[in-house]
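Computed from a predicted structure; not experimentally measured.
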Amino acid sequence: MQKLWWQEERIRAWAWRAWRYYSWRPGYQFRLSVAEATAYVDMQNKVVVCNPQRPLPPAKYLSGVRHLPAGGERGFQLAYLESLIAHEAGHTQFTDTDSLPPGLLGQLVNIIEDERMERLMVQDFPKLAPLLTMAGDADAAHWIDRQGAGGDVIGGCLLWRFTWNHPVWAYTPDGPDAHLWPQVKEILEVAWTAPHYDDVVLSARRILALTGRDHEEQRPELRDFCDGEALVLDGGEERGRTRQDGAEGDGAGQQGKRGRAAAGQQEQEDGEDESGTQTDDGATGDEGEGERPRFGPGTRGQDAPQRPTPDQPPTAQSEALKVETLGDARRLAAALRVPCDPESVQPSRNRGRFRYDRYVGGSERPFDRRMGGGSPGETHLRLAVDISASMVQGGRMTQARRMAFTVVHAAQMTGIAVLAVAFDERVQSLVEPSARPQNALNAVAALNVRGDTCLSPALRALWTPELSGQSVTLIITDGQLSAGDYAACGTLKAAHSGAVVPILLGTDAARPAYEHAFGVCVHMDDPAQLTNHVIAFLRAWQARLRR
C-alpha cells in the first residue's frame, strides 16, 4: 500500500513537534486523519486531530490569498496544516470551557471565539500572524465561492472574521436584516478583544436576540466552517457520533476549526483513516486547575519547527516523460552503480566454492576461495542543460529534456546525489541534492528554451559545491558558444578532477571547438541512441577507475 504524502514519517514528526511548540500540553494524543472535516481538540480526553488535505481555494480567488506559500497545493496544505495545529493549540490555552452551547448559539460562539483566541495566540507567537492571515483568506475564498459575499448578518459574522482587514474582500449585507449589521458588527468586534470566554457567549446571545434567532438550530453552511460544535455534550446528553478509533465520540471539550474537506476527498487505502498518533506518555501531569499559563517563543527560547518541503504532485509532462524514459532510466541506473573491484580467487583445499571439474581431475585444491575485493565507490552527478534559443532547432530541446529527465530519474533509482543547473546567458538552479524526488522530476520536465548561450558561468556554479565521492558531470548543449566562452570552459575543465561526459546535440561544425574544450564527446541527434552512448561512456570511465 502506497503511503499518502502526509503519512511520511518526516511530515508526521514535524506536525507533532509543531503541536508541542504551539501548545506545550502534556499527555495529548496528536493525529493526522482525513476522517475529520478539518480539526478538533478534545480537552477532556486530551486528543487533537487535524486533516492535512485542505484543498486550494478556487483559482479565480488565489490572487486574493495573502502570504500564499510556494510549492503549489502541497505547500499550501502544509502551511494550512500548521495553522490548524496552532489554532487547536490556542483553544487549549485560551478557551476556558469543555463544551459549546447547543444550536446556532454554539456555532456563533465558535466563530467569535476562534478570532478572539487567534489574536491572543499572535500576541504570544508574533510570527503566526501571516500564517493565520493566509488561512483566513483561504477560508474566505471558499466561503465566497459557495455563498457569495452577501447574505444575512449571521453568515456575515463568519465572513467578517475572515475579511475584516482584507484589501478587497468584505462582507456586504444584502439580506432582510442588513440594517442590523452596524450593531452586530460593533458587538462582534468588541467580543474579539474580550478578556474571557464568558464574554464571548454573552456577545453571541446579544447578536441572536437582536436578530430574533435565539432558538434556531445549527445552520449547515456554517457547520462547514466551524466544525466540532455538533460533537459536544448538551447538558449531559450525548449527540451520537462514533470516532474512527472505536471510542465513542461524545466530544466534550472539542473545539473546531474552519473548513470541510473537498467533496470526493481521497480516503486512505484499506480502510485506514488516520496517521501519526503520537503522545507524550512521559508527562508528569496537567497544569492543574485555574488559569492556564501562556507560553510564547520567548519562554521556550526556540523558533517553530521548520516546515518540511513537500513532494509536489507529478505534473502531466513529468508523468509522460517517466513512462517514455523508464526503460532507459533503469539501464542508466545500472551503469551509474560503480561496481566492486573484481575479487581475486585462489584455490583452496577446504574453503570456498566447490569446483567439480577440479575434483574429477584429481586436484588437491577443489575449492575456489575469494580473496579481497573492494567496496563500490560513492558517486554523485552534476548536470548542465542548455536552454538557449538555438536549442529549439531540430527538436534539440526535446532531446535535452528527455536525457536530463532520464539522468535524474536514474540517479534517484540508484540513490545518487544530483546537482543540476539549466543555462542560457543566466544560470538557473534546477535540482539540489536535497530536493524532493518528484519536485526534481517536475522541474526537469518543465524545461524550455529562453535566451542566448553562455556555459562557463554554469560550470562554475556546478563545480563550486563540494560533494562526497566520485564526480560525474554531464553537459548537454548544442555547442553554440562564443570563442571566449569556449576558452573559459576549457580552463575550468582542466582544473576539474571529476569525470565529464560532454553531450553535443548540434551540427558537425560545432564539434571541433567543443571537443577541444571538453575532449571526446557524445555526438548524437537520435534520442533513441543517446542513452546507449552515455552508458558506454560511463562504463569506459568505470573501467579506467579499476585500473
Kindly check if the number of other-residue, nucleotide or ligand heavy atoms within 6.0 Å of NE2 (His516) is above 12? no
With no hydrogens and no angle check, do the side chains of Glu432 and Ser429 hold a donor and an acceptor under 3.5 Å apart? yes
Evaluate Leu383 against Ile476 for side chain to side chain contact (heavy atoms under 4.5 Å, CB included), listing each step before the verdict. CA-CA 8 Å; Leu383 175 65; Ile476 306 175; 3.9 Å; yes
Kindly write out the residues that satisfy salt bridge (charged side-chain N to carboxylate O under 4.0 Å, His left out) with Arg436, not counting sequence neighbours, or none if the list is empty. Glu8, Asp311
Under 3.5 Å, is there a donor-acceptor pair between the side chain of His409 and the main chain of Leu441? no
How many angstroms lie between CD in Gln53 and CG in Leu4, if you round to the nearest 0.5 Å? 6.5 Å
To the nearest 0.5 Å, what is the distance between CG (Leu504) and SG (Cys521)? 5.0 Å
Closest heavy-atom contact between Asp137 and Gly64? OD2-O, 3.7 Å
Would a line drawn from the ring center of Trp19 to the ring center of Tyr28 be shorter than 6.0 Å? yes
Donor-acceptor under 3.5 Å (Thr406 side chain, Arg402 main chain): yes
Here the pair of heavy atoms bringing Ala435 nearest to Ala440 is CB-CB, 4.4 Å
Mind telling me whether Tyr359 and Phe354 have parallel, tilted or perpendicular rings, with 30° and 60° as the class edges? tilted
Salt bridge or not for Arg396 and Asp386, using N-O below 4.0 Å? no
Over all heavy atoms of both residues, which pair between Glu88 and Ala39 is shortest? Give the atoms and the distance, please. OE2-CB, 3.5 Å
Kindly indicate whether the side chain of Phe367, heavy atoms from C-beta on, has any atom under 4.5 Å from the side chain of Pro347. no
Determine whether Leu78 and Trp14 make a side-chain contact, defined as any pair of heavy atoms from C-beta on separated by less than 4.5 Å. yes
Check: Val49 and Phe30 side chains under 4.5 Å, non-hydrogen atoms: no
Which heavy atom of Pro52 sits nearest a heavy atom of Ser33, and at what distance? CD-O, 4.0 Å
Any side-chain heavy-atom pair of Pro55 and Phe76 under 4.5 Å: no
Would Val534 and Leu538 count as a side chain to side chain contact (heavy atoms under 4.5 Å, CB included) here? Give the steps. CA-CA 6 Å; Val534 172; Leu538 288 172; 4.2 Å; yes
Within a strict 4.5 Å, meaning less than it, do heavy atoms of the Leu430 and Val444 side chains meet? yes
May I ask you to check if Arg119 and Trp164 form a cation-pi contact, with NZ or CZ under 6.0 angstrom from the six-membered ring centre and within 45° of the axis? yes
Identify the heavy atoms of Pro502 and Gly519 that sit nearest to each other, and give their distance. CG-O, 4.3 Å
Arg17 side chain to Pro305 main-chain N or O, any donor-acceptor pair under 3.5 Å? no
Apply side chain to side chain contact (heavy atoms under 4.5 Å, CB included) to residues Leu462 and His496 and explain how you reach the verdict. CA-CA 11 Å; Leu462 201 61; His496 182 63; over 6 Å; no
So CG of Leu62 and CG of Leu56: to nearest 0.5 Å the spacing works out to 5.5 Å
Measure from the side-chain N and O atoms of Ser471 to the backbone N and O of Leu467, and report whether any donor-acceptor pair falls under 3.5 Å. no
With Phe537, the side chain to side chain contact (heavy atoms under 4.5 Å, CB included) member among Ile503, Leu474, Asn532, Val522: Val522
dist Leu505:CG -> Gln393:CD (nearest 0.5 Å) comes out at 12.5 Å
Hydrogens and angles aside, do Gln93 and Ser23 bring a side-chain donor and acceptor to less than 3.5 Å of each other? no
In short, Pro366 meets Arg349 closest at the heavy-atom pair CD-O, 3.9 Å
Taking CZ in Arg330 as the centre, count heavy atoms belonging to other residues, nucleotides or ligands within less than 6.0 Å. Is the count above 12? no
Heavy-atom donor-acceptor pair, Ser83 side chain to Tyr80 backbone, under 3.5 Å: yes
Trp169 and His166 aromatic ring geometry - parallel, tilted or perpendicular at 30°/60° bounds: parallel
Considering only heavy atoms from C-beta outward, does the side chain of Pro457 approach that of Glu425 to under 4.5 Å? no
Under 3.5 Å: donor-acceptor pair, side chain of Tyr22, backbone of Ala304: no
Kindly indicate, with the supporting measurements, whether the criterion side-chain hydrogen bond (donor to acceptor under 3.5 Å, both in side chains) is fulfilled by Glu118 and His87. CA-CA 7 Å; Glu118 285 189 358; His87 182 98; 2.7 Å; yes
Let's go through Asn51 and Thr38 carefully: what are the C-alpha distance in whole Å and the side-chain angles of both, what is the deciding distance for side-chain hydrogen bond (donor to acceptor under 3.5 Å, both in side chains) to 0.1 Å, and is it a yes or a no? CA-CA 5 Å; Asn51 186 336; Thr38 52; over 6 Å; no
Test Met391 against every option in Asn448, Thr453, Asp478 by the side chain to side chain contact (heavy atoms under 4.5 Å, CB included) rule and name the one that passes. Asp478
Under 3.5 Å donor-acceptor, Arg54 side chain and Leu84 backbone: no
Is there a side-chain contact between Pro512 and Glu515, using heavy atoms and a 4.5 Å cut-off? no
Side-chain (Arg358) to main-chain (Ser363) donor-acceptor, under 3.5 angstrom: no
Backbone N/O of Leu447 and side chain of Arg401: donor-acceptor pair under 3.5 Å: yes
Show your reasoning for whether side-chain hydrogen bond (donor to acceptor under 3.5 Å, both in side chains) applies to Gln428 and Arg450. CA-CA 11 Å; Gln428 171 192 339; Arg450 289 196 315 200; 3.2 Å; yes
Polar side-chain atom of Asp424 near backbone of Gly451 as donor-acceptor pair, under 3.5 Å: yes
dist Ile144:CD1 -> Tyr61:OH (nearest 0.5 Å) comes out at 6.5 Å
Side chain to side chain contact (heavy atoms under 4.5 Å, CB included), that's the test. Do Val500 and Trp463 meet it? Break it down for me. CA-CA 11 Å; Val500 177; Trp463 287 339; 3.9 Å; yes
Is Arg12 positioned over the aromatic face of Trp16, cation under 6.0 angstrom from the ring centre and no more than 45 degrees off axis? no
Rounded to the nearest 0.5 Å, how far apart are CG of Leu131 and CD1 of Ile85? 10.0 Å
Please check if any side-chain donor atom of Ser456 sits under 3.5 Å from a side-chain acceptor atom of Asp485, or the reverse. yes
Greater than 12 external heavy atoms within 6.0 Å of Arg10's CZ: yes
May I ask you to check whether Trp5 and Gln438 show a side-chain donor-acceptor distance below 3.5 Å? no
Do Arg66 and Met134 have side chains that get closer than 4.5 Å, going by heavy atoms? no
